[in-house]
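Take a look at the structure set out below.
Every heavy atom of this structure was used, including side-chain atoms; hydrogens, water molecules and symmetry mates were not. These numbers come from a predicted model, not from an experiment.
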Amino acid sequence: MTTTTITNFRKNVYSMVENTVRFNEPVNITTKDGNAVMISEEDYLGLMETLYLTSIPGMKEKLVDGLNTPLTDTLSEEEVVW
């Protein structure tokens, strides 16, 4: 994560936004009153989806079970009925 002052951010806003969008590189912007973090829309949407999924009762456990399931115990892509 890049850290910069608000003054430096103002001077380089275009390139910092571009780097955040292209490389998903968050920027920590420091001010005398506190800090802010800029993230890409892609990262933001991913965080929101994660929060939503983990708010569904039992979903977190299902996701963890899925992560711990060996691929040999799953269906192949051709066997999945959509």
Side-chain angles (χ1 to χ4, degrees):
M1 176 183 307
T2 301
T3 299
T4 187
T5 64
I6 189 69
T7 302
N8 190 49
F9 179 76
R10 267 186 255 139
K11 290 178 187 175
N12 299 296
V13 66
Y14 182 80
S15 64
M16 289 188 168
V17 170
E18 283 295 305
N19 283 338
T20 297
V21 170
R22 284 187 186 171
F23 307 113
N24 292 341
E25 176 68 26
V27 177
N28 182 19
I29 305 161
T30 61
T31 74
K32 64 180 179 175
D33 296 323
N35 300 339
V37 176
M38 177 178 65
I39 61 173
S40 68
E41 180 182 34
E42 180 181 1
D43 283 349
Y44 172 78
L45 293 174
L47 286 169
M48 293 298 103
E49 184 66 15
T50 299
L51 288 172
Y52 168 72
L53 289 173
T54 57
S55 73
I56 300 169
M59 182 60 75
K60 181 179 175 184
E61 291 77 15
K62 289 179 183 179
L63 291 171
V64 170
D65 286 345
L67 285 171
N68 293 327
T69 301
L71 289 178
T72 55
D73 293 349
T74 63
L75 296 174
S76 70
E77 189 174 344
E78 293 80 27
E79 295 175 286
V80 175
V81 178
W82 297 96

Can you list, by chain and residue number, the hydrophobic cluster partners of [X] when the side-chain cut-off is 4.5 Å?
| X | value |
| --- | --- |
| Val64 | none |
| Val17 | Ile6, Phe9, Val13, Met16, Val21, Val27, Ile29, Met38 |
| Phe23 | none |

If the condition is side-chain contact (heavy atoms from CB on, under 4.5 Å), which residues does [X] pass it with, not counting sequence neighbours?
| X | answer |
| --- | --- |
| Glu49 | Tyr52, Leu53 |
| Thr74 | Thr69, Leu71 |
| Leu51 | Met48 |
| Pro70 | Thr72, Asp73 |

List in chain and number order the residues that pass side-chain hydrogen bond (donor to acceptor under 3.5 Å, both in side chains) with [X], two or more places apart in sequence or in another chain; answer none if no residue qualifies.
| X | answer |
| --- | --- |
| Thr4 | Asn8 |
| Glu41 | none |
| Ser40 | Asn24 |

| field | Taking every non-hydrogen atom, the tightest pair across Thr30 and Asn35 | value |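 Minimum heavy-atom separation between Thr30 and Asn35: CA-OD1, 3.2 Å.
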| Which atom names give the shortest non-hydrogen contact between Glu25 and Thr20, and what distance separates them? |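 Scanning both residues completely, I find the closest heavy atoms to be O-OG1, 2.9 Å.
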| query | For Glu18, which residues count as a salt bridge (charged side-chain N to carboxylate O under 4.0 Å, His left out) partner, sequence neighbours excluded? | reply |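 Testing Glu18 for salt bridge (charged side-chain N to carboxylate O under 4.0 Å, His left out), a comparison that skips the adjacent residues, returns Arg22.
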| said: Show every salt bridge (charged side-chain N to carboxylate O under 4.0 Å, His left out) that has at least one partner inside residues 55-70, sequence neighbours left out. | reply: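 For residues 55-70: none.
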| said: For the CD1 atom of Ile39 and the CG atom of Asn28, what is their distance to the nearest 0.5 Å? | reply: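 These two atoms lie 12.5 Å from each other.
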